[in-house]
Amino acid sequence: PIVKTVLSLKQLGTITSYLDSYEVKSTPLEDGWLVSPSYNLAGTVTGRLSCNNPNLQQVSTNPVGLDLDPNGVGIRVRHVFQARPGYKIVGIDYKQMEVVGFAVFSNEERMTNLVRQGGDMHEQVAKLMFGYYDPKYRVPVKILNFGLLYGLGDAGMAEMMAKPLDETQQLKQLYFQTFPGIQPWMQEVETELARKGYVTYWSGRRRRIKEKKYHYRGVNALGYRDWE
């Protein structure tokens, strides 16, 4: 029990530091603080939208301090943000955009058809892999979808799935068999990266890798996440 309490206190400490920074970087009002972050259209090496002063993209969606709350509810930090009178807070997100991009960039026919059909991509992929859908398949398939995209190794995926390594590798092979266009595209990208030292977006933007000279995959995996 003491370990859970310590972890909860640590979470609360982290959240408190975030809230303190929000207050420092906000405009004082009579009944609170006006938070006006800056959104950067080209603030990251990947080209995605970023936010700072303060960074509202890091506000946790999960409750914290559950073990310290006698009601077992905890604190939902996002609930402290409220719209000014006459305004609304709107949440906008691309649904499973990474998986859609996976299908489009690889031009994998079966996965592209799933995108056209719509619905939950993780469920659709699971249904195609196993011939039917069971809710227990969603998490492993989701880990495969994102893990392959972000260069997560077999051991990392096995740990996230809480499955033996050989079982995880079997699932990965089933994934490649179900979507035969995925693995060749991944290999093509890695070959181009090793040869040129960068990959090119459709827009013409180039993304360079520092560790392109290394042949060891584990070191290269670090390079995939360390862009110039």
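Residue numbers run from 1 in the order of the sequence given. It should be emphasised that the depicted structure is a prediction, and the values quoted were computed from it without experimental measurement.
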>> As a quick check of understanding, evaluate ring-ring contact (aromatic ring centres under 6.0 Å, His included) for Y133 and Y137, giving each step before the final call.
In response: CA-CA 7 Å; Y133 177 70; Y137 293 148; 7.3 Å; no

> Yes or no on side chain to side chain contact (heavy atoms under 4.5 Å, CB included) for E188 and T191, after CA distance, side-chain angles and deciding distance?
Replying inline: CA-CA 5 Å; E188 180 183 337; T191 300; 5.8 Å; no

>> Evaluate K127 against L114 for side chain to side chain contact (heavy atoms under 4.5 Å, CB included), listing each step before the verdict.
In response: CA-CA 11 Å; K127 189 182 298 183; L114 293 184; over 6 Å; no

Using 0.5 Å steps for rounding, measure from the [atom1] atom of [X] to the [atom2] atom of [Y].
X    : Y    : atom1 : atom2 : result
L144 : M161 : CG    : CE    : 3.5 Å
T200 : E192 : OG1   : CD    : 5.5 Å
Q183 : Q187 : CD    : CD    : 4.5 Å
M157 : L171 : CE    : CG    : 9.5 Å
M186 : L148 : CE    : CG    : 5.0 Å
R207 : Y198 : CZ    : OH    : 15.5 Å

Please answer whether the main-chain N or O of [Y] pairs with a side-chain N or O of [X] as donor and acceptor at a distance below 3.5 Å.
X    : Y    : result
Q124 : G118 : yes
D120 : E123 : yes
R110 : T178 : yes
E108 : M111 : yes

> If you draw a 6.0 Å radius around CD in E98, do more than 12 non-hydrogen atoms from other residues or ligands fall strictly inside?
Replying inline: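 Count over threshold, so yes.
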
> Y39 and N52: side-chain donor and acceptor closer than 3.5 Å?
Replying inline: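 No donor-acceptor contact under 3.5 Å links the two side chains.
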
> Do we see a donor-acceptor contact under 3.5 Å between the side chains of T168 and D154?
Replying inline: no

For residues [X] and [Y], report the shortest heavy-atom separation together with the two atoms involved.
X    : Y    : answer
A103 : V115 : CB-CG2, 3.8 Å
L128 : F179 : CD2-CE2, 3.7 Å
M129 : V141 : SD-CG2, 4.1 Å
L49  : L41  : CD1-CD2, 3.8 Å
K163 : P140 : CE-CG, 3.9 Å
L149 : V99  : CD1-N, 4.2 Å

Using the rule that Ile, Leu, Val, Met, Phe, Trp and Tyr join whenever any side-chain heavy atoms are under 4.5 Å apart, tell me whether [X] and [Y] fall into a single cluster.
X    : Y    : answer
V125 : V139 : yes
L165 : L174 : no
Y87  : L34  : no

> What's the verdict on side chain to side chain donor-acceptor pair (under 3.5 Å) for S38 and N53, showing C-alpha distance, side-chain angles and the deciding distance?
Replying inline: CA-CA 6 Å; S38 299; N53 294 320; 4.8 Å; no

> Using the ring of each side chain (for Trp, its six-membered ring), is H122 parallel, tilted or perpendicular to F146, with breaks at 30° and 60°?
Replying inline: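 Perpendicular.
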
> Can you check side chain to side chain contact (heavy atoms under 4.5 Å, CB included) on F130 and D134, steps first, answer last?
Replying inline: CA-CA 9 Å; F130 300 101; D134 188 304; over 6 Å; no

>> Are the side chains of R116 and N113 in contact, using a 4.5 Å heavy-atom criterion?
In response: yes

> Do Y201 and R206 touch side chain to side chain, with heavy atoms closer than 4.5 Å?
Replying inline: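 The answer is no; the side chains never approach within 4.5 Å.
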
